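Since this is a predicted model, take the numbers as computed values, not measurements.
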Amino acid sequence: MEDKTYIKIYRKSLGSSVWKKPIIWKVWCWCLIKATHKDKEFPFNGKDFKLNKGEFITGRKIACEELSLSPRKYRTAIIYLKTTNRIAIKTTNQFSLISILKWNEYQDKTTNETTNDTTSHRPATDQPPTTNNNV
């Protein structure tokens, strides 16, 4: 089944250091897309494994294939995202758990701007019709 959820990308990203480095931007967006948007559990090697919102599991080989990047470029991008406090990584001998730091700030937060914009653009079925009195 195709996942019909989405991620938010803010316009202020255009001024970020990540935007200015296309490979890092690609890896950053991939991380946002891969991260789970809700807590979930799944079986892994005979144990139930819990992922919190903003986390995902990957391996270097799979990540490089999905991103069409060399291991060196992938590693460089991941290190940059980690050192700039965008992600945290827990590595085992089987996989890496990547956590998006500030997930709630990036993805869960509903701002007043969003709410106000949505409300002001609703259909006008409950508003009186506009008339032009320029006669």
Side-chain angles (χ1 to χ4, degrees):
M1 186 168 111
E2 186 178 330
D3 192 357
K4 297 193 185 240
T5 59
Y6 61 93
I7 61 167
K8 296 177 187 176
I9 297 181
Y10 291 88
R11 286 183 175 88
K12 69 181 181 179
S13 297
L14 291 173
S16 77
S17 62
V18 175
W19 172 260
K20 295 171 184 168
K21 299 172 181 171
I23 291 172
I24 295 172
W25 176 253
K26 180 179 183 177
V27 175
W28 173 238
C29 288
W30 174 80
C31 288
L32 292 174
I33 291 167
K34 294 288 284 187
T36 183
H37 64 284
K38 59 184 176 182
D39 295 347
K40 70 179 187 179
E41 290 187 12
F42 64 94
F44 185 79
N45 283 351
K47 296 180 184 178
D48 284 337
F49 194 83
K50 182 180 178 190
L51 283 178
N52 296 315
K53 290 188 296 188
E55 295 180 334
F56 68 102
I57 289 177
T58 192
R60 185 181 64 244
K61 184 178 178 183
I62 290 171
C64 291
E65 288 174 9
E66 289 181 1
L67 289 161
S68 300
L69 291 176
S70 70
R72 182 177 180 177
K73 287 182 179 181
Y74 170 73
R75 185 174 52 250
T76 299
I78 288 294
I79 289 169
Y80 183 85
L81 294 172
K82 185 177 176 185
T83 58
T84 58
N85 295 316
R86 288 177 171 86
I87 64 171
I89 304 172
K90 293 179 186 173
T91 305
T92 71
N93 61 350
Q94 298 173 333
F95 60 84
S96 293
L97 172 68
I98 297 180
S99 304
I100 308 294
L101 302 177
K102 300 181 186 178
W103 174 261
N104 290 335
E105 185 178 322
Y106 292 131
Q107 299 300 317
D108 274 354
K109 188 167 89 173
T110 303
T111 64
N112 285 339
E113 292 173 19
T114 305
T115 307
N116 290 341
D117 188 49
T118 304
T119 304
S120 67
H121 287 38
R122 71 178 192 274
T125 56
D126 61 340
Q127 298 175 2
T130 303
T131 57
N132 185 349
N133 292 329
N134 293 335
V135 178

Value for CG (L32) from CD1 (I100), rounded to nearest 0.5 Å, stands at 5.0 Å

Across all chains, not counting sequence neighbours, the salt bridge (charged side-chain N to carboxylate O under 4.0 Å, His left out) partners of K53 are D108

When rounded to the nearest 0.5 Å, the distance separating CD1 of I24 from CH2 of W19 is 14.0 Å

Smallest heavy-atom separation, Q107 atom then K8 atom, equals OE1-N, 2.8 Å

Rounded to the nearest 0.5 Å, the CD1 atom of I62 sits from the NZ atom of K34 at a distance of 7.5 Å

Ring centres under 6.0 angstrom apart (W28, Y80):
no

Rounding to 0.5 Å, atoms CD1 (I57) and CG (L51) come to a distance of 5.0 Å

Flag side-chain contact, heavy atom, 4.5 Å: L81 against V18: yes

- Query: What about Y6 and I9, same hydrophobic cluster or not, with Ile/Leu/Val/Met/Phe/Trp/Tyr joined at side-chain heavy-atom distances under 4.5 Å?
  - Reply: no

Rounded to the nearest 0.5 Å, the OG atom of S68 sits from the CD1 atom of I23 at a distance of 11.5 Å

I7 reachable from L101 in the ILVMFWY side-chain graph, under 4.5 Å edges: no

Smallest heavy-atom separation, S16 atom then R86 atom, equals CB-NH2, 4.4 Å

Residues passing the salt bridge (charged side-chain N to carboxylate O under 4.0 Å, His left out) test with K73, sequence neighbours excluded, are none

Of all heavy-atom pairs linking Y74 and R60, the shortest is CD2-CG, 4.0 Å

Using side-chain heavy atoms (C-beta onward) and a distance below 4.5 Å, is D48 in contact with P43?
yes

Of all heavy-atom pairs linking A35 and G54, the shortest is CB-C, 3.7 Å

Check: Between S70 and R72, does any side-chain donor sit less than 3.5 Å from a side-chain acceptor?
Finding: no

| Can you find a pair of side-chain heavy atoms, one from N52 and one from W103, that are under 4.5 Å apart? | no

Heavy-atom closest pair (C31 atom, F56 atom, distance to 0.1 Å) is O-CE2, 3.6 Å

- Linking I/L/V/M/F/W/Y whenever any side-chain heavy atoms sit under 4.5 Å apart, do I33 and V27 land together? yes

Heavy-atom nearest pair, A63 first then W30, reads CB-CH2, 3.5 Å

When rounded to the nearest 0.5 Å, the distance separating CG of L67 from NZ of K26 is 6.0 Å

Any donor-acceptor pair under 3.5 Å from E55 side chain to T36 backbone:
no

